[in-house]
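Below is one structure, written out as structure tokens, with a few remarks after it.
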Amino acid sequence: MSDIRVRFAPSPTGELHIGGARTALFNYLFARKNGGTFVLRIDDTDLERSRADYIDKLIASLKWLGIEWDEGPYFQSKRLPEYTGEAERLIVENKAYRCYCSVEELASGREEAKKDNRAYLYPGTCRNLTTEQEEIFRKEGRKPVIRLRTPEEGTTKVSDEIRGEVSFDNYGIDDFIIVKSNGLPTYNFASVIDDLQMKISHIIRAEEHLSNTPRQIICAQALGYDLPKFAHVPMILAPDRSKLSKRHGATSVEEFRDQGFLPEALVNYMALLGWSPGRNEELLTLEKMIENFSLERVNKTAAIYDVAKLAWMNSQYMKEYDPKLLAETAIPFFEKKNLLSGKPDNDKKNKLEKIVTAVRERAKTLDELADNASYFLTDDFEYDEKGINKYFKKEGAAGYIRQAVSLIDNITEFEATALEESFHRLSEELQISAGRINPLVRLAITGRMGGPGLFETISILGRQKTTARLIRAADYIDSIK
RNA sequence: GGCCCCUUCGUCUAAUCGGUUAGGACACCAGCCUUUCAAGCUGGCAACAGGGGUUCAAAUCCCCUAGGGGUCACCA
């Protein structure tokens with residue numbers, strides 16, 4: 001194992017976002033590629049917004065995607081003494097100080113700044129309080145925060161593996177809060193301490209953190225640690241170029257799963273958002289991704305995600321999936337459509353496997369797959385409106401269907417090839433084209449205009465159901481005349 | 001608004017020491033295949049944000065402009 005160590009550190013304030021998932025994936029790929037260690041850490045220092053059930057969901061989503069971590073999960077909420085200890089040390093070393101300004105006082109200053117159209121910077125009110133002054137504030141019942149004493153001049157340079165060197169003017173960085181008045185550390189403090197103590201070598205995270213990085217560097221310097229390397233990966237944007245949110249449809253891994261996407265497809269798609277293997281390849285196994293991954297090949301540009309391409313990719317994976325596994329994976333989707341209930345026995349499983357194999361060519365998601373297969377599992381379906389006009393209302397339709405009934409009744413070998421031959425003979429006898437009778441039969445037994453090969457469909461459906469549906473359709477045609 | 005990042009087909013991207021008819025994929029369109037719908041195959045449409053430099057030569061290097069994004073919390 002090399003000393004490469006990376007981490008994914010989500011805060012449990014929601015489901016695993018697609019952007020977060022991709023960050024996790026890049027960290028994972030980078031660790032695997034370099035024989036490093038991938039650490040999972042839960043940044044749960046925000047008491048108000050963190051929720052325990054999100055932790056479980058986060059972990060479930062990562063597992064579903066197949067993104068495995070080597071260490072953790074660590075919880076910031078369990079490391080509180082670390083942070084307060086370090087904060088105390090900084091105060092003793094005069095690198096940090098207590099600030100007694102109230103939220104109201106700060107807010108008014110911020111408003112003032114906004115009115116003048118300038119950025120608000122904490123003015124350093126409490127920078128040099130005497131012990132006596134502190135004593136007075138404490139007696140007033142003020143709960144202090146702890147602020148880091150940041151340099152007023154010079155620049156702080158972020159050396160980014162993806163973007164190169166980015167420098168920030170220290171003037172624009174105020175004495176920010178590292179410990180809140182409730183005693184909990186802020187993100188910019190806790191995560192710095194964790195990253196340093198956990199010996200993280202590369203911080204690979206979303207671009208939105210780039211602006212925070214100089215603060216963290218200053219913080220790390222104050223603490224006296226060596227800096228890790230940084231890599232800020234581009235954001236994932238919605239089709240309208242805005243930040244991806246609920247109104248754009250699915251945004252979390254969980255939602256994509258529920259819509260019927262396969263984890264392999266989602267992972268493959270995410271990997272290609274902001275990264276490319278450098279060759280004209282789109283369909284990549286996880287092994288291939290690992291083999292080819294490098295931060296050097298990660299883009300700087302924000303990527304807009306395109307569900308159509310994800311869907312295409314998903315269909316490609318469905319086609320290659322092991323039929324047994326595909327049937328198994330599709331079960332919840334059948335259940336959701338009331339096409340299946342209870343645990344399927346072996347017979348049922350075999351049947352599902354056949355069905356799924358027959359219809360998967362035409363589906364982009366598992367949801368569509370279940371929909372395409374519905375008539376195999378229920379007799380309860382309507383005839384396609386257009387189909388009724390196009391086929392049922394044509395002269396002789398009921399008659400042809402009844403011919404098909406006797407064909408089905410009399411055929412000895414009930415499988416696709418034999419059926420095809422018999423139907424071929426029938427259309428010759430009737431002196432009509434196959435195009436006249438086949439779609440008619442399809443509509444009668446499936447209610448639809450399209451689907452798998454007709455004879456495959458019949459053979460899966462079985463003799464009984466086929467004849468019953470044919471008779472039902474013939475009667476229906478008579479009834480609408 | 002300050003600071004920071006970014007800018008190749010509609011979308012994801014390739015062209016990583018300047019020299020390509022700017023390549024691939026999705027989507028879209030057309031043809032083939034076919035009992036249907038798909039899939040598949042073949043072909044087509046389609047991009048270097050704009051303007052200045054540097055250079056024999058710029059998508060590639062530099063500057064400016066425009067546009068997009070991020071960030072400016074006792075959120076992470």
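The analysis underlying the following values was restricted to heavy atoms, covering all of them including side chains, and did not include hydrogens, waters or symmetry mates. Throughout, a chain's letter reflects where its sequence line sits, starting with A, and its residues are numbered from 1.
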Does [N] have OP1 or OP2 under 4.0 Å away from a side-chain N or O of [X]?
X         : N       : value
Gln76(A)  : rC75(B) : no
Arg110(A) : rC74(B) : yes
Asn299(A) : rU13(B) : yes
Lys364(A) : rC26(B) : no
Lys319(A) : rA38(B) : no
Ser276(A) : rA14(B) : yes
Thr45(A)  : rA76(B) : yes

[X] and [Y]: side chain donor to acceptor below 3.5 Å:
X         : Y         : result
Asn188(A) : Gln216(A) : yes
Asp43(A)  : Tyr187(A) : no
Tyr54(A)  : Glu15(A)  : no

Counting primed atoms, P, OP1 and OP2 as sugar-phosphate and everything else as base, the B/S/- map of nucleotides 2-10 of chain B against protein heavy atoms under 4.0 Å is -SSBSS---
Any donor-acceptor pair, under 3.5 Å, between the side chain of [X] and the base of [N], if you only look at N and O atoms?
X         : N       : value
Lys309(A) : rA25(B) : yes
Asp44(A)  : rA76(B) : no
Glu361(A) : rG40(B) : no
Arg297(A) : rU16(B) : yes

So if I take every side-chain heavy atom of Leu454(A) and compare against rG70(B), rA76(B), rU35(B), which nucleotide ends up nearest? rU35(B)
Nearest to the side chain of Ala303(A), which nucleotide is it out of rG70(B), rU13(B), rC75(B)? rU13(B)
For the C1' atoms, the ones on rU11(B) and on rG68(B), what distance do you get once it is rounded to whole angstrom? 16 Å
Given the P atoms of rU60(B) and rG19(B), what is the spacing between them in whole Å? 11 Å
If you assign each of Gly172(A) and Pro185(A) to its closest nucleotide in RNA chain B, which residue comes earlier from the 5' end? Gly172(A)
Residues in residues 18-26 of chain A with a heavy atom under 4.0 Å of RNA chain B, by number, are none
